[in-house]
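One structure is given here, and the rest of the page talks about it.
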Amino acid sequence: NVTYSVITSAGSIALSMSIMSDVGAVIRSNAGIGGTNIVEKTGFNGTDSLLQSLNYPSTHNFDATLNATVGSISITANHS
């Protein structure tokens, strides 16, 4: 399992995640000024602030937390 956080007080965050098979993921995001944009989500459900792969939790998991105080968050998430 992998847990990670990305935090910025000024600037944008871009996350592109492609996972397969028995790997699951949860992505939590919070953008103060700038908002969160879900560019693409395949095999994921949820909202701008909480996305989960359809198989989450799984045998192997990514747990991502993204926080931007001033700046946007852009997420591309694919599970196949």
Side-chain angles (χ1 to χ4, degrees):
N1 292 337
V2 176
T3 301
Y4 60 95
S5 296
V6 178
I7 301 168
T8 181
S9 57
S12 297
I13 298 170
L15 172 70
S16 180
M17 176 182 288
S18 293
I19 57 176
M20 306 172 49
S21 304
D22 64 346
V23 177
V26 59
I27 304 167
R28 296 173 185 84
S29 63
N30 180 28
I33 299 173
T36 300
N37 178 35
I38 307 299
V39 177
E40 180 182 344
K41 64 176 181 179
T42 304
F44 278 77
N45 279 331
T47 65
D48 291 354
S49 60
L50 179 64
L51 283 175
Q52 293 182 338
S53 62
L54 298 177
N55 67 332
Y56 181 84
S58 188
T59 306
H60 310 285
N61 297 290
F62 283 96
D63 186 337
T65 302
L66 314 173
N67 288 301
T69 305
V70 178
S72 61
I73 297 174
S74 175
I75 300 172
T76 300
N78 294 292
H79 179 268
S80 58

Is a donor on one side and an acceptor on the other found under 3.5 Å between the side chain of Asp48 and the backbone of Ser29? no
Distance-only donor-acceptor check, side chains Thr42 and Asn78, under 3.5 Å: yes
Give a yes or no on whether the backbone of Leu50 and the side-chain of Thr47 come within a donor-acceptor separation of less than 3.5 Å. yes
Atom of Leu51, atom of Ile75 and distance for their closest heavy-atom approach: CD1-CG2, 4.0 Å
Is it the case that Ser12 and Ser72 place a side-chain donor and acceptor less than 3.5 Å from each other? yes
Do Ile19 and Phe44 make a side-chain contact, defined as non-hydrogen atoms from C-beta onward lying under 4.5 Å apart? yes
For Asp63, all residues meeting salt bridge (charged side-chain N to carboxylate O under 4.0 Å, His left out), sequence neighbours excluded: Arg28
Side chain to side chain contact (heavy atoms under 4.5 Å, CB included), that's the test. Do Asn1 and Thr3 meet it? Break it down for me. CA-CA 7 Å; Asn1 292 337; Thr3 301; 5.6 Å; no
Taking side-chain contact (heavy atoms from CB on, under 4.5 Å) as the criterion, tell me which of Leu15, Val39, Thr36 meets it with Ser74. Val39
Look only at the side chain of Asn45 and the backbone of Gln52, and say whether a donor-acceptor pair between them is shorter than 3.5 Å. no
Closest non-hydrogen atom pair, Tyr56 against Phe62: CE1-O, 4.4 Å
Thr69 (side chain) donor-acceptor with Gly32 (main chain) under 3.5 angstrom: no
